[in-house]
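In what follows, a single structure is set out as structure tokens and then discussed.
The sequence lines fix the lettering, A, B, ..., with proteins before strands; numbering per chain opens at 1.
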Amino acid sequence: MDTNEKKQFFSEHLLAWYRKHRRDLPWRRSRNPYHIWISEVMLQQTRVDTVIPYFHRFTERFPTMEALANAPEEEVLKLWEGLGYYSRARNLQGAVREVQERYGGVVPDTLKEISTLKGVGPYTAGAVLSIAYNKPEPAVDGNVMRVLSRYFLIEEDIMKIGTRGIMEKLAKELIPEGAAGDFNQGLMELGAMVCTPRSPHCLTCPVMEHCAAREMGMEEELPVKKKAKPPRPEYRIAALIEGSGPQEGHILIRQRPQEGLLARMWELPHVEVPFGYADASGVPASISVLTEQLALETIGIRPGQGFMHAEHTFSHIHWDMQVVTCSLEPSVVPSGTGMLLPSHYQWVNRDTMEQYAFPNVFLKILKRYFSL
DNA sequence: AACGCGGGGCA
DNA sequence: TGCCCAGCGTT
């Protein structure tokens, strides 16, 4: 069997398999380009089961591009809370506004135009064009590279930029006439359900017969992928600053900077401390770092007792955080200013915290504190 | 080409 | 508990 026959076999059998076995997912119930676009952005680096409830809430609150374009950014961020990579949400809203203004409220249907939108790279562009408009463009994500690397025994490192190009060219050649949307979704569906990273379910695979990796017994060795660097550790100490008097039952929160990690999300005031400060014996030293740093922000605190320990792993950083309860130390606040706070600080209680978007690590601490 | 950017699932 | 899952923007 030559290469062209193997390609033809793959395309035909994968398409037929998908049409029979496709999961009934919320974003597969319409061809609304805007809804498909939302789902594809949410699905970047995020699994289907996680995305489903977010997709429902998001499309219910912002059913049209007009609704999303006109919404305050904080509300968009709040609906994205817990999903991670928050620039995806801001880019999506910015791109939708762009579509409203420049494309008359219609998601562009050409590769050139759609690729100019913020947050729309080669994968998302191909996915939206093929699924919403049935245009024969490849949509190469991690699933697709895994499937293709195995079936065609491609041993290039999939983390390399050039490998993407090889995969895209191949994926485009494989698209059956008039069936780009179903074929591309089938490729990803196979990667998610059958051709899994570990212990692939080859016996149920529609293209096992001609899978090169399977023939060589190499399905577990592919794709070849350079390992990511391990996250660097950071030691942090966070303050649960408890209000008193009018602020009884409230906790002080702080908004993060406009740019960078967790941009514009809300958090507990905290500081990074040098290695060694965060262990049991070092806690007193790290508390003084916290007190001094917050004093510079005109927040005077009197440290109380340890509340909990929290760990959180990002792709590139590991946070090891001690959380201590504190009370306010009014003497640090300049006299005459009363309870005036910097504008990026805010008191919240168990009800009003719902209005602010927090990264999961702080959400968990606050939920525990308020017994939610 | 290398790095920054979140969060969750599985053995 | 340690391993895995990865698109897009920026530099």
Mind checking ring-ring contact (aromatic ring centres under 6.0 Å, His included) for [X] and listing every partner two or more places apart, or none if nothing turns up?
| X | value |
| --- | --- |
| A/Phe58 | A/Phe62, A/Trp80 |
| A/Tyr151 | A/Phe10 |
| A/His210 | A/Phe9 |
| A/Trp27 | A/Phe55 |

Can you list every pair that meets side-chain hydrogen bond (donor to acceptor under 3.5 Å, both in side chains) and has a residue in [range], with sequence neighbours left out?
| range | value |
| --- | --- |
| residues 356-372 of chain A | A/Glu242-A/Tyr369 |
| residues 195-207 of chain A | none |
| residues 116-135 of chain A | A/Glu40-A/Tyr123, A/Gln44-A/Thr124, A/Ser130-A/Asn184 |

Please say whether the positively charged group of A/Arg57, taken as NZ for Lys or CZ for Arg, lies over the ring of A/Tyr54, i.e. under 6.0 angstrom from the six-membered ring centre and within 45 degrees of the axis.
yes

If we take the [atom1] atom in both [N] and [M], what is their distance in whole Å?
| N | M | atom1 | result |
| --- | --- | --- | --- |
| B/dC5 | C/dC5 | C1' | 15 Å |
| C/dC4 | B/dG6 | P | 22 Å |
| C/dT10 | B/dG7 | C1' | 22 Å |

Summary of protein contacts for nucleotides 4-11 of chain B, nucleotide by nucleotide, where a base hit scores B, a sugar-phosphate-only hit scores S (4.0 Å, heavy atoms)
SBBBBB--

Salt bridge (Lys or Arg N to Asp or Glu O under 4.0 Å) against A/Arg97, all qualifying residues, sequence neighbours excluded
none

Tell me, please, which residues at least two apart from A/Glu73 pass salt bridge (Lys or Arg N to Asp or Glu O under 4.0 Å).
A/Arg264

Just the endpoints, please: which first and last nucleotides of DNA chain C, 5' to 3', lie under 4.0 Å from a heavy atom of chain A?
C/dC4 to C/dT10

Under 4.0 Å, heavy atom to any atom of DNA chain C: which of residues 113-125 of chain A qualify?
A/Leu117, A/Lys118, A/Gly119, A/Val120, A/Gly121, A/Pro122, A/Tyr123, A/Thr124

